[in-house]
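I have a structure I would like to understand better, so I am pasting it below and will then ask my questions one at a time.
So you know, we letter chains A, B, ... as the sequences are listed, proteins then strands, and number each from 1.
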Amino acid sequence: MAQTHGVAALPAEPEKATLEGKNKLLAFWTFLGAECVLFGCLFATFMALRNQVPDGPTAQELFDLKTVGWSTFLLLTSSLTSVFAIMNMHKGKHGATQLWLAVTVLLGLGFLILEIDEFTHYVHEGHKFTSSAFGTSFYTLVGCHGAHVTFGIIWITTLILQGFKKGLTVVTAPKYYVAALYWHFVDLVWVFIFTVVYLMGKVGH
Amino acid sequence: MMDWLTTVDHKKIGILYLIAGGFFFLIGGLEAILIRTQLMYPDQKIFVGDTFNQLTTMHGTTMIFFAAMPLLFAFMNAVVPLQIGARDVAFPFVNALGFWLFFAGGVLMNTSWFLGGAPDAGWTAYAPLSSIIDPDGKFHGVDFYVLGLQIAGIGTLIGGINFLVTIINMRAPGMTFMRMPLFTWTVFVTSILITFAFPAITVALIELMFDRLFHGAFFEASRGGNNVLWEHLFWIFGHPEVYILIMPAFGIISEVVSTFSKKRLFGYSSMVFATVLIGFLSFMVWVHHMFTTGIGAVGNSIFAIATMAIAVPTGVKIFNWLFTLWGGNIRFTVANLFATAFIPTFVMGGVTGVMLAVPAADFQYHDTYFVVAHFHYVIVGGLILSVFAGLYYWWPKMFGRMLSEGLGKVHFWLFFIGFHLTFFPQHFLGLMGLPRRYFTYMPGFGLETGNFISTIGAFLQGLGMIVFLINIIVTARKQKDAGNDPWDGFTLEWTIPSPAPEYNFKQTPLVRGLDAFWKEKMAGNKEMTPAEPIGPIHMPSPSILPFVMSLGLFISGYGFIYHHYIVSGAGLVITIISMFLRSLFDDHGWHIEPEELEEHKGGKA
Amino acid sequence: MSEHTHEAVSDESKRHKHEGPRNHNLTYIVSALLTIFAFAAVLYGQLDRTFIILFIVVLGLIQAVFQLFFWMHAKEKGHFFPVIGIAFGFFIALTAVAAAVWWMWW
Amino acid sequence: MNRLKKCMRLIPLFAVMAFLLAGCGSDKLSALQPQGPVAREQLFLMKFSLSIMVLVTIVVFAIYVWVIVRYRQRKGQENKIPKQVEGSHVLEIIWTTIPIILLLVLAVPTVYYTFKHSADHRADKNAIHVKVTGHQFWWQFEYPDFNIATAQNLVVPANKTIALELASADVSHAFWVPSLAGKVDANPGPVNVLYFQADKIDMFQGRCAELCGASHALMNFTVQSMAEADFQKWVDKMKSPVTVPADAKPGEALFKENCMACHQVSAQGLGVGPNLNGFASRPYIAGVLDNQDAAKKDDNLHKWIADPQGQKPGTKMPAFGQNFGGNLTDDQINQIVKYLHSLN
Ligand code: HEA
Ligand code: HEA
Ligand code: CUA
Ligand SMILES: [Cu+2]
């Protein structure tokens, strides 16, 4: 069975070594295509409603680019560390893979804490989910991204835990690979969020 | 029983889809009969006000999401892996999950009838009618719509992704893209449309849910929200959705028409091209449902032209079918009766579609019975006729028994005549000033005759359906009588026993051209050349987890509807735990050994 | 698992060239720079509004493409369907956004 | 010979279709009997596109009938394998280009009339400007140029452009008078515009065409066109103070006590319910009950006031009849009826 394979027997790209692995990768890419549409619609909603603020502070008054800068930095770096994890996986170094994934998770956690802090701050300022269409669409879009980050953290953590038991095999490799893809995607979405939500919000209308 | 709850076999899942979809079709049809009964005469008071709106809404939603979609998924499951020479779909587990999610959503939504009332804002659920909350907090109709569709939608989405990957990665050796049977091609394009269209309704439903449950402001004008946003999101999904429905129907027609005229499909590559083009264009036309929303003349004109453009590739398909029949040796089996009846009927629906695409004229047609007539011509006269064609055609492959041709003919004529009686007069009713979603109309404006005829037609369709049900029962009670290849078919599914064994192909076939089986037959071979030696066949293990995961979401749905978030949480936890279990314990599957294969010969164990 | 697993090749030369950390670090630096430019353009505050918006959106797109191709390996062979998939998804997302901006914003 | 029969059946259907289009339904309600330029141009578009469609359909049906009659399997041919044809470039080009040409032909008037019929005539000095507001389940009409407001019955001069501005007070509705013009939605957000013109003096039926709740099917209204001079008279009448005959005074008092919270009886008053100024001249009560038939109208109004829900499920007006949970006796309601029917 697959689990008994030693590291040495692993193929160069273990995630694509089996048909199951290939299927998983393709399915996941397709899923990311669907996620593009999902976020696209959320962005569309936000774009349509972002200036509708009958009650509460506007984006320009509200946003603090310093926090956003730090969040961006954390998430970008976590994307890099997940690349390192996959590189090590390709070299068959399981320990390093696990380690880099752990770093990724920690950075993600940092991002999440900043975001929660930011949201509580906003609510305090009177920018609530229910206060205006801007509020509703803002929390839905950014919150949906945050939910993705949360899910990613839980997912990758379970993978790391599983990894201790199962090791690096042609069964676990696609899982690592796909999780890393997911994480990159989450980072990619953030690029548009800080551009469209925060920076454009700061520019005002 | 447990066997069916845990199965991951695509053929059994296909049968599950068929049963569930058929059941919902009967429910939706019953609702249609009730609608028509109310409208038989003017000023009737059988189902008035919100009761009628609930019937209309549930009829539309049930038919589209819980009858038509699963019926197509039934064929996708039963046929596509066989047509591409695969042992299974790419993700058998996900396949089962997709079914159970759809089923959970459908059941959830239909329980609303017994829990204070069904959704009543139309299948399009336009905000703010749909986002208004009942002040007494008793009526939860639209919440059922939101959660039911959300759960079913996830199921459909993963189903779509599954078939996409299956078709890309699981084809038998030699089965290149341009050798794929047309049904597989249309399923391929439909899967793409599903993948990219369903997220839009996911977002729309999330927003509606947030507005309804958490007092969001997406669609509330007083807090800056915008109701037109819902219309955009719904139709960005909604228009591709109608092509999701019709594409596989096109595929079925292509298979049936060519088999029963003993001719290969005319213009195969242009058919493929047209299919892909229709799929692409379907994302560019959604505004044609919103001509009267106030988009402005520029937007309306652009989308009008884009909409008309779809007529061209669709026409290519129509003419290719006609020329497949041309010069053929046409057998009018029941399957082919349905398939050939599809052609003129669909054209009649299609051309009214092009008429609707003229915005200034659509100002008159929109939201009238003219539109109702249009879409029932393309849906019932297109999709449903082709579903029947497919059922009579593939029934032997799915169940090993031939449906009765005699009863089938009665079914066909009752349904077909009833259909035209129902919907043809509706064109005129619309133009004569009858808006849709009306529970009554005033006498004295010339609307009586048309409505009466229409109702009679609906009863005839009902009779036709009863004959079909009898046919199924009669067939189920007789011995298995179907051979491998009862219709002298062209494609790989006819090379294996009926019903197909668990592992589909004892040896993966080697495909040497388009219409693989036909090609071998012409070369004088009785069977396909195998592409591999006989060896042990790896099978996925059955699992109860898909059912449990769906159950979790089902429970959680009620929690959201009744604002008991502990229940929602508990339901979600069930689902998440199941996901963990799935991830933690790898499925090693099991093997069928070569010796067993010999025993299995000739049918399923 | 299936029989395919045994075809394992562990030949170092078959690994893709870009697989070294250099390209990835480069992507990281480029991304960081693009981000900083975008922030700076907004913070500077002296520029024309339309220009800033265009500028930051273009920077965002460049960054996205960069990450997609290097970090997500989209440029490697065997990624035909993934690239088509993402591109189509992105295209539809863009249509939706354009529609929203056109009809509901201006 | 089932095939043939089926196709024969379709031929009369098309004959019927042509016949019906030549004029069917009521000239008060049917889009096929236009009574003004906008609806007439729209009917032209319908007929124009229909001719193209009939052409297409005839071609398809002709080939279809030929094929299924000519190439059906005959006895003794069960095993015949027909000649296999892979395709034909010439044919494929034909059936791609001809539809394209037909659609281009269709596109020209489409775009022309789409722009024409979406035009905003509000700034037009010769046009009568009306602000329309949809409510569940009634229509409110304000004339900003004359400072008057009415409901349910839109009064307009004939042969003059009427420029509407539409919005909604609650959910989306759609304003549709088939014999005068196509519909446009009345949304709770931004306003939409619509214009039309009536050729002659008549009364036309209007319908709400967007699902808006329980009584969507009963959200009917009317458009009454009159000579220019009569229209002026109507405007003046609406503006002049209401005169109440002596025998209606008790009713007026009851009305003030029970109904004024929602209903105004004044030139431009707006409220939760329709302005009832000039109510007696409206053709229908709440759009559904006859208000002109001398024999029935008092009973109808009584029925409405006593039990509005029974006439129009989901309406916002509460029931006043004691049998329906209200606090007015039949006598009191009759007094109110007398009062309301005195409001000419
Ligand atoms: C299976 C489903 C299906 C299919 C295939 C179609 C096909 C088409 N539909 Fe339809 N449509 C619906 C389902 C479908 N529709 C539904 C459910 C609604 C209502 C939703 C709701 O509001 O509830 C709707 C509503 C709808 C509207 C909105 C009407 C309104 O609400 O005001 C419009 C407007 O443009 C439209 C257009 C079209 C067009 C142009 C096609 C084209 O694809 C048709 C193309 C086919 C042909 C044209 C025939 C064959 C071609 C030839 C023989 C070639 C030569 C032809 C010409 C030159 C014309 N449809
Ligand atoms: C797949 C889609 C589909 C299908 C197949 C149908 C099939 C039918 N539809 Fe439907 N319809 C829609 C999709 C569909 N419809 C949609 C989307 C709407 C718009 C909804 C909205 O406005 O929101 C609509 C609206 C709609 C209306 C307009 C309602 C209104 O505007 O108020 C009408 C009215 O005639 C109608 C009639 C029918 C009829 C007579 C059939 C017939 O073809 C049905 C035939 C089937 C049967 C008759 C079943 C018979 C079964 C038995 C006899 C057995 C009895 C069963 C048991 C006891 C279990 N439909
Ligand atoms: Cu107002 Cu329907
Ligand atoms: Cu459409």
Side-chain angles (χ1 to χ4, degrees), chain A residues 1-2 5 8-14 16-20 25-26 29-30 32-41 43-45 47-51 65 68-69 72-73 76-77 79-80 82-84 87 90 92 170-171 181 184-185 187-188 191-192 194-196 199-200 202-205, chain C residues 1-2 4-12 14-15 19-21 24-25 27-28 31-32 34-36 38-39 41-43 49 52-53 56-57 59-60 63-64 67-68 70-73 78-79 81-90 92-101 103-105:
Chain A
M1 279 287 96
H5 282 295
L10 266 191
E13 287 183 323
K16 289 183 213 151
T18 62
L19 182 60
E20 285 78 4
L25 257 60
L26 183 58
W29 274 101
T30 317
L32 290 184
E35 288 262 89
C36 273
V37 181
L38 184 107
F39 275 105
C41 291
F43 272 108
T45 305
M47 298 282 259
L49 302 178
R50 70 191 196 105
N51 293 326
L65 288 192
V68 181
T72 308
F73 172 72
L76 186 63
T77 312
S79 204
L80 180 71
S82 70
V83 173
F84 289 158
M87 269 166 53
H90 282 172
V170 287
V171 180
L181 270 187
H184 289 313
F185 181 78
D187 177 45
L188 212 74
V191 172
F192 290 100
F194 80 68
T195 307
V196 171
L199 293 183
M200 272 165 72
K202 207 67 197 171
V203 173
H205 57 282
Chain C
M1 280 281 83
S2 73
H4 307 269
T5 37
H6 301 279
E7 297 155 21
V9 226
S10 187
D11 186 348
E12 196 67 27
K14 278 201 176 165
R15 292 185 202 285
E19 193 53 299
H24 295 314
N25 292 338
T27 308
Y28 180 69
S31 298
L34 290 172
T35 308
I36 290 169
F39 274 73
V42 173
L43 287 173
R49 179 176 165 266
I52 299 186
I53 290 184
I56 58 180
V57 169
L59 290 193
Q63 186 174 159
Q67 297 194 6
L68 198 63
F70 287 98
W71 281 354
M72 297 170 81
H73 312 280
H79 277 72
F81 287 107
V83 169
I84 297 278
I86 287 283
F88 195 48
F90 192 76
I92 292 159
L94 218 62
T95 324
V97 172
V101 171
W103 282 309
M104 302 166 72
W105 191 14

*Atom NE2 of A:His184 and atom CG of C:Leu68: how far apart are they, to the nearest 0.5 Å?*
10.0 Å
*A:Ser79, part contacting chain C, at a heavy-atom distance under 4.5 Å*: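 Both backbone and side chain.
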*asked:* Are A:Phe84 and C:Asn25 packed together at the side-chain level, in the sense that at least one heavy-atom pair is separated by less than 4.5 angstrom?
replied: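 In contact.
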*Which region of A:Leu26, side chain (C-beta onward) or backbone (N, CA, C, O), has a non-hydrogen atom less than 4.5 Å from a non-hydrogen atom of chain C, or is it both or neither?*
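Answer is side chain: those atoms of A:Leu26 sit under 4.5 Å from chain C.
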*Under 4.5 Å heavy-atom distance to chain A, tell me which part of C:Phe39 shows up: side chain, backbone, both or neither.*
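Answer is both: backbone and side chain atoms of C:Phe39 are under 4.5 Å from chain A.
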*Taking atom CG of A:Leu188 and atom CG of A:Leu181, what is their separation to the nearest 0.5 Å?*
11.0 Å
*At their closest point, which heavy atom of A:Cys36 faces which heavy atom of C:Phe90, and how far apart are they?*
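It is CB-N, 4.0 Å.
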*Side chain from CB out, backbone as N, CA, C, O: work out which of these in C:Ile56 comes under 4.5 Å of a heavy atom of chain A, or both, or neither.*
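Both parts, backbone and side chain.
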*Taking every heavy-atom pair that is under 4.5 Å apart, which of A:Thr72, A:Thr195, A:Thr30, A:Leu80 has the most such pairs with chain C?*
A:Leu80
*If you take all heavy atoms of A:Gly40 and C:Ala93, which pair is closest and at what distance?*
CA-CB, 3.5 Å
*Relative to chain A, which of C:Val42, C:Leu34, C:Ile36 shows the most heavy atom pairs under 4.5 Å?*
C:Val42
*For each of A:Leu38, A:Val68, A:Thr45, tally heavy-atom pairs with chain C at distances under 4.5 Å, and name the one with the top tally.*
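Of the options given, most contacts go to A:Val68.
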_Can you confirm whether more than 12 heavy atoms, excluding those of C:Phe81, are under 6.0 Å from its CZ atom?_
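Yes, CZ of C:Phe81 has more than 12 neighbouring heavy atoms, counting only those of other groups under 6.0 Å.
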*Using non-hydrogen atoms and a 4.5 Å limit, figure out which bit of A:Phe194 sits close to chain C: side chain, backbone, both or neither.*
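A:Phe194 touches chain C through side-chain heavy atoms alone.
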*Of all of A:Val37, A:Val83, A:Asp187, which one pairs up most often with chain C through heavy atoms under 4.5 Å apart?*
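Sorted descending by pairs with chain C, the first entry is A:Val83.
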*Can you find a pair of side-chain heavy atoms, one from C:Gln67 and one from A:Leu76, that are under 4.5 Å apart?*
yes
*asked:* Heavy-atom pairs under 4.5 Å with chain C: which of A:Leu25, A:Val196, A:Thr77 has the most?
replied: A:Thr77
